[in-house]
Amino acid sequence: MRLQKFLAHSGVASRRSAEELISAGRVRVNGATRSLGSKVEPGDRVEVDGKRIALPAQARYVVLNKPAKVMTTMRDPEGRRTVAQIVPSEGRRVVPVGRLDYETSGVLLLTDDGDLAYRLTHPRFGVAKTYRALVHGRLDAEAVAHLLAGIRLEDGGAAPAKLRVVRASGRVSEVDITLHEGRNRQVRRMFEATAHPVISLVRIRFGPIALGPLAVGNWRVATEREVSALRVAAAAVPDGERRREGCE
Ligand code: URA
């Protein structure tokens, strides 16, 4: 990276003022003054007026297609496989954002950005999650209406934000269900309550992040566009709440 860009990224100065600092001989790299346009390599010691300058640490955002029979934890006292064994730490330990059941597969975001992780899991921000559920039996109009009207679970009511029957044969049905909440085993409990227990469950979308062609057990770094969209999702306060906040 060019020295003036490094200074601008580190927040010391605008690109133009960074150029002036360099031209004035106020910037040293590994003890020596450098001219405009010279490059900085990782590990170089950059100083302005003798004060060490560093780039802000970049957070890591990883998208994993979690397999079934893997724990969404960093360690498991019972010795089961965990997501930490799939995603290498690479010096920056990422932790899961929310959780998927042991038997559930699909999109799981892992990050070391604690602030974003907190907001993405906070019910206040209601980030949408979409699951593809394979369930027992033919999901008929009555069961769909029941689900849409809201299911009474032991920890409160639960209604999907969206429901789409992908296929419904005699013996099994496939359904895409979107929730803004993330209560324990919520999707499984909702289908159990309609007498259509889940056979398999895959999270196909977490907020703006779609599972896409990522194979089970593989992971990739989230794109810049996905990270920006996650920030937007985590910043969006529901309308009603904004109105209330406005009145206070
Ligand atoms: N709902 C479930 O039942 N299980 C999950 O893993 C996620 C949502």
Side-chain angles (χ1 to χ4, degrees), residues 62-78 80-87 94-111 117-137 139 143-144 146-166 168 172-212 214-219 222 230 233-234:
V62 170
V63 181
L64 168 69
N65 184 347
K66 175 192 149 336
K69 306 210 183 302
V70 169
M71 294 295 287
T72 309
T73 49
M74 302 309 285
R75 244 175 290 115
D76 183 53
E78 292 175 35
R80 288 168 293 186
R81 198 167 170 228
T82 72
V83 293
Q85 290 165 285
I86 304 179
V87 179
V94 289
V95 296
V97 176
R99 62 183 285 277
L100 288 175
D101 293 341
Y102 184 62
E103 294 290 350
T104 302
S105 61
V107 184
L108 183 70
L109 177 71
L110 296 100
T111 184
Y118 169 77
R119 284 183 286 136
L120 287 171
T121 47
H122 197 292
R124 177 167 185 245
F125 298 100
V127 173
K129 296 136 207 132
T130 303
Y131 301 85
R132 177 152 299 178
L134 182 68
V135 302
H136 282 288
L139 202 76
V144 169
H146 183 189
L147 280 159
L148 287 174
I151 304 280
R152 200 170 302 144
L153 300 174
E154 59 194 13
D155 53 355
K162 267 190 232 153
L163 195 74
R164 186 173 77 93
V165 179
V166 181
V172 293
S173 304
E174 218 172 352
V175 195
D176 285 354
I177 178 167
T178 301
L179 301 176
H180 286 282
E181 314 155 279
R183 274 140 60 191
N184 191 27
R185 296 178 55 83
Q186 187 168 344
V187 174
R188 293 175 191 277
R189 289 188 292 142
M190 287 170 77
F191 281 106
E192 261 158 37
T194 58
H196 292 284
V198 166
I199 301 164
S200 67
L201 192 61
V202 183
R203 183 152 73 187
I204 57 174
R205 180 172 276 277
F206 177 78
I209 300 187
L211 182 57
L214 189 64
V216 180
N218 284 5
W219 61 272
L230 282 169

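Whatever order the structure lists ligands and atoms in, that order sets their numbers, starting from 1. Bear in mind the structure is a predicted one, so any value in this text is a computation, not a measurement.
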Open item on the list: Measuring only between side-chain heavy atoms, which start at C-beta, is K66 closer than 4.5 Å to R203?
Closed with: no
TODO: Pick whichever of I177, V187, L108 has a heavy atom sitting closest to atom 1 (N) of ligand 1.
DONE: V187
Open item on the list: Just so I know, are the side chains of N65 and N218 near enough to count as touching, which here means a heavy-atom distance under 4.5 Å?
Closed with: no
Task: Atoms of ligand 1, numbered as shown, that sit under 4.0 Å from any heavy atom of Y131 - done: 7 (C), 8 (C)
Task: N/O separation below 3.5 Å, L201 to ligand 1 - done: no
- [ ] Go through ligand 1 atom by atom and flag the ones less than 4.0 Å from a non-hydrogen atom of D101.
- [x] 2 (C), 3 (O), 4 (N), 5 (C), 6 (O)
TODO: Over all heavy atoms of both residues, which pair between T130 and T178 is shortest? Give the atoms and the distance, please.
DONE: OG1-OG1, 2.8 Å
Task: Distance-only donor-acceptor check, side chains T73 and R80, under 3.5 Å - done: no
Task: Contact (N/O only, under 3.5 Å) between T104 and ligand 1 - done: yes
Task: Test item: E103 and V198 side chains (from C-beta on) under 4.5 Å apart, heavy atoms - done: no
